[in-house]
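Just follow the structure's listing: the first ligand is 1, and inside any ligand the first atom is 1.
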Amino acid sequence: MEARNAAASLTIMTEIVLPNDTNVFGNLMGGRLMYWMDIAAALASQKHCNAPVVTASVDNISFENPIKLGNAVHIEAKVTRAFNTSMEIHMKVWGEDMTQQFRYQSNEAYYTFVALDPNRKPRPVPAVIAETEEEKKLFDGALRRRQLRLILGGKMKPDDAAELKAFFMKD
Ligand SMILES: CC(C)(COP(=O)(O)OP(=O)(O)OC[C@H]1O[C@@H](n2cnc3c(N)ncnc32)[C@H](O)[C@@H]1OP(=O)(O)O)[C@@H](O)C(=O)NCCC(=O)NCCS
């Protein structure tokens, strides 16, 4: 299976915050944003592997700045690294006040998607080629993030997480 450039998976999604998307403070609800992020990540991972995918996990998300009613939401999603059947997708989220032409960062997050075969079993995906400095940094960090999420998900023993241990043990 031929490796593919990270850039080929880039997905940019834009939404507008409508009244039904907000909480009582008139800001975008976190759950609605996570739903849009799930769609953007699904599209990016499907672009990479050309197969149906499911969400396997969502890493912790901190909402730094609320996105206001009437503002635009921009989500940029890109696959950072593929393992065997799973892919890590990095997302950056901005809000934008279109009238003031002012953009602000809202949050960033990592989602993991798994490609499925016609029998709905995990199937192998192409490797990722990281080209830019940012893509290389994200690619390098992906292994230890994977180990942390698999430990938290009860799928890996901490003793087996060599890269994660090395990261915390270094001076
Ligand atoms: C995700 C899912 C396909 C994994 O299936 P599984 O039978 O556990 O398969 P495996 O143990 O072989 O794992 C397959 C891949 O998923 C990854 N995976 C499993 N659990 C994971 C988790 N909690 N976080 C990140 N990756 C995970 C494994 O690391 C493996 O990746 P790799 O092949 O690149 O090493 C399965 O749990 C599933 O279908 N879950 C429901 C998905 C869904 O419906 N999502 C929508 C939200 S409800």
Verify atom 11 (O) of ligand 1: protein non-hydrogen atom under 4.0 angstrom away: no
Of E76, E108, K78, the residue whose pairing with H90 passes side-chain hydrogen bond (donor to acceptor under 3.5 Å, both in side chains): E108
E88/R149 salt bridge by N-O under 4.0 Å criterion: yes
Protein non-hydrogen atom found under 4.0 Å from atom 25 (C) of ligand 1: yes
Close approach, R146 and ligand 1, non-hydrogen under 4.0 angstrom: yes
Taking atom 41 (C) of ligand 1 as the reference point, the nearest protein heavy atom with its distance: T55 O, 4.5 Å
Distance filter under 4.0 Å to K155 heavy atoms, resulting ligand 1 atoms: 8 (O), 19 (C), 20 (N)
Closest approach of any protein heavy atom to atom 27 (C) of ligand 1, naming residue and atom: L150 CD2, 3.7 Å
Exercise check, heavy-atom protein proximity under 4.0 Å to atom 7 (O) of ligand 1: no
Sub-4.0 Å protein heavy atom near atom 2 (C) of ligand 1: no
L148, V114, D59: member with heavy atom nearest to atom 17 (C) of ligand 1: V114
Ligand 1-proximal atoms of T85, by part, heavy-atom distance under 4.0 Å: both
Test: D97 and K68 ion pair at under 4.0 Å: no
Distance from atom 39 (O) of ligand 1 to nearest protein heavy atom, with residue and atom: V54 CG2, 4.3 Å
Any protein heavy atom < 4.0 Å from atom 37 (O) of ligand 1: no
Side-chain touch L138/Y110, heavy atoms, less than 4.5 angstrom: yes
Ligand 1 contacted by S86 (non-hydrogen, < 4.0 Å): yes
Under 3.5 Å: N/O of T112 near N/O of ligand 1: no
